[in-house]
Amino acid sequence: MATYTIRGGRPLHGRLSVSGAKNAAIPILLASTVAGGTCAVRNVPELSDVAAVADLLRHLGARVGPGYTIEPTLTTSAIPAALAGRLRMSVILLGPLLARFGEASTASPGGCDIGDRPIDFHLAGLRAMGARIEEAGDRIVCRADRLRGAEIALPMPSVGATHHMMLAGTLADGMTVIRNAAREPEVVQLADFLNAMGARIAGAGTPTVLIHGVTGLGGADLTLIPDRIEAGTYLLAAAAAGGDVTVDGARPDHLAALLEVLGRGGCDLAVAPGAVRLRASGRPQPVDITTDPFPGFPTDLQSPALAWLLRATGTCRIVDTVFPDRFGVVGELGKLGAQVQIEPGYATITGVPGLRGATLKAAPDLRGAAALLIAALAADGESTIGGADALARGYQCLDQRLRALGADIATRA
Ligand code: EPU
């Protein structure tokens with residue numbers, strides 16, 4: 001288990017580039033299962049979650065070559081529990097596998113421990129498209145001779161359910177309409193990838209997505225968008241530790257809600273089409289944050305932002321409307337001297353003048369682990385973070401990149 005030792009209280013200086021987006025890579029690599037030819041996905045980040053996708057595709061019979069060239073030569077539609085447990089997004093394969101094999105099965109999906117994460121929207125959508133679904137013990141078995149287009153109104157703009165219904169609708173007979181669809185940039189890029197194969201999807205990025213089913217698809221070649229959550233994490237690290245950092249590849253149009261909050265917190269921002277520069281010193285001004293589906297403030301930056309605001313010059317309230325229980329990291333942050341009160345759905349931070357180093361343990365929650373690291377960078381003295389491998393799920397070479405900015409981080413495997 002990797003441990004980071006961090007000597008905090010040092011400002012960060014310099015520039016770094018963001019990787020391809022994890023949350024675009026995962027559904028797009030999985031979407032190669034609907035292709036009728038070779039797919040090439042470029043700018044794929046080297047992350048343990050991406051390795052889990054490659055293992056899953058290989059299990060299904062696909063050939064995953066160097067540089068993420070994928071031949072969708074599928075031989076099975078059964079997802080074993082061990083692979084489903086490594087990757088929550090594996091559930092979006094049910095529709096594509098059902099369309100190709102007439103039957104598909106999986107176990108309850110895994111993922112970060114960030115509160116309740118049901119898959120009822122996914123199953124209701126497949127049922128509306130004509131699937132028969134049995135849940136026997138831990139296994140979910142779906143059957144359908146053909147999927148047929150349907151009108152699907154999502155109770156919440158779920159990212160995964162929007163991905164899933166676009167994939168299933170592409171291979172269904174007739175037209176599928178997704179209402180209250182997620183509008184995240186990763187949804188738009190998945191639609192672009194499918195359309196490049198020959199799908200007919202319109203409206204991705206708006207609340208209503210229209211999908212005309214097609215009878216066959218080809219291959220596609222696509223370069224992933226930059227990771228807006230990784231970019232945001234580096235900006236928040238610089239805001240917390242102070243300094244002058246430029247994040248190359250960061251797209252301001254994907255980060256507008258975060259940039260607005262950083263500005264209100266007293267950071268000095270300079271924005272160009274492909275880069276964001278942040279300068280910060282001293283304690284942040286207090287700000288309140290409410291997470292929302294895109295274009296709102298992303299839930300994936302909620303814990304990192306909370307870590308930045310621990311030293312605010314007043315009181316801040318953070319509401320997570322997407323995952324109301326995503327405050328599991330607060331207990332560990334208390335060891336640094338943070339003062340945070342949790343109520344159902346929100347946290348109240350009473351800013352403290354300074355944090356002091358402590359021995360910390362990252363839970364299996366990627367963004368919570370990022371929050372610990374940010375707080376440790378801002379704290380005086382030495383901190384250790386056990387279980388730091390949680391960070392490898394979503395951040396490529398995080399320790400090296402922060403060291404290049406002047407952070408004092410030692411890594412022990
Ligand atoms: N929901 C349901 N039923 C469902 C599906 C979702 O009630 O069938 C609820 C969830 O419980 C949650 C809300 O809908 O309250 C939104 O969840 P969503 O389906 O949008 O989440 P997801 O697709 O499982 C993706 C990201 C997450 C990110 C969320 C929200 C990927 C691989 N994962 O998850 O990313 O937090 O969207 O933006 O794209 C991360 O990167 O650390 C991460 C957890």
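Positions are given from 1 along the sequence. As the structure lists them, so they are numbered: ligands from 1, and atoms in each ligand from 1.
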So which bit of [X] gets within less than 4.0 Å of ligand 1, heavy atoms only: side chain, backbone, both or neither?
X	answer
D120	both
D300	side chain
E186	neither
H122	both
R326	side chain

Have [X] and [Y] got a donor and an acceptor in their side chains that come within less than 3.5 Å?
X	Y	value
T38	E71	yes
R326	T299	yes
N43	T223	no
E186	N23	no

With only distance considered, is [X] within less than 3.5 Å of ligand 1 through an N or O on each side?
X	value
H163	no
F323	no
V159	yes

(message) Regarding D173 and R146, does a basic nitrogen lie under 4.0 Å from an acidic carboxylate oxygen?
(response)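 Salt bridge flag = yes for R146 with D173.
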(request) Assess R317 against Y346: is NZ or CZ under 6.0 Å from the centre of the six-membered ring, and within 45 degrees of the ring's axis? (result)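 Judged by the rule, R317 and Y346 form a cation-pi pair.
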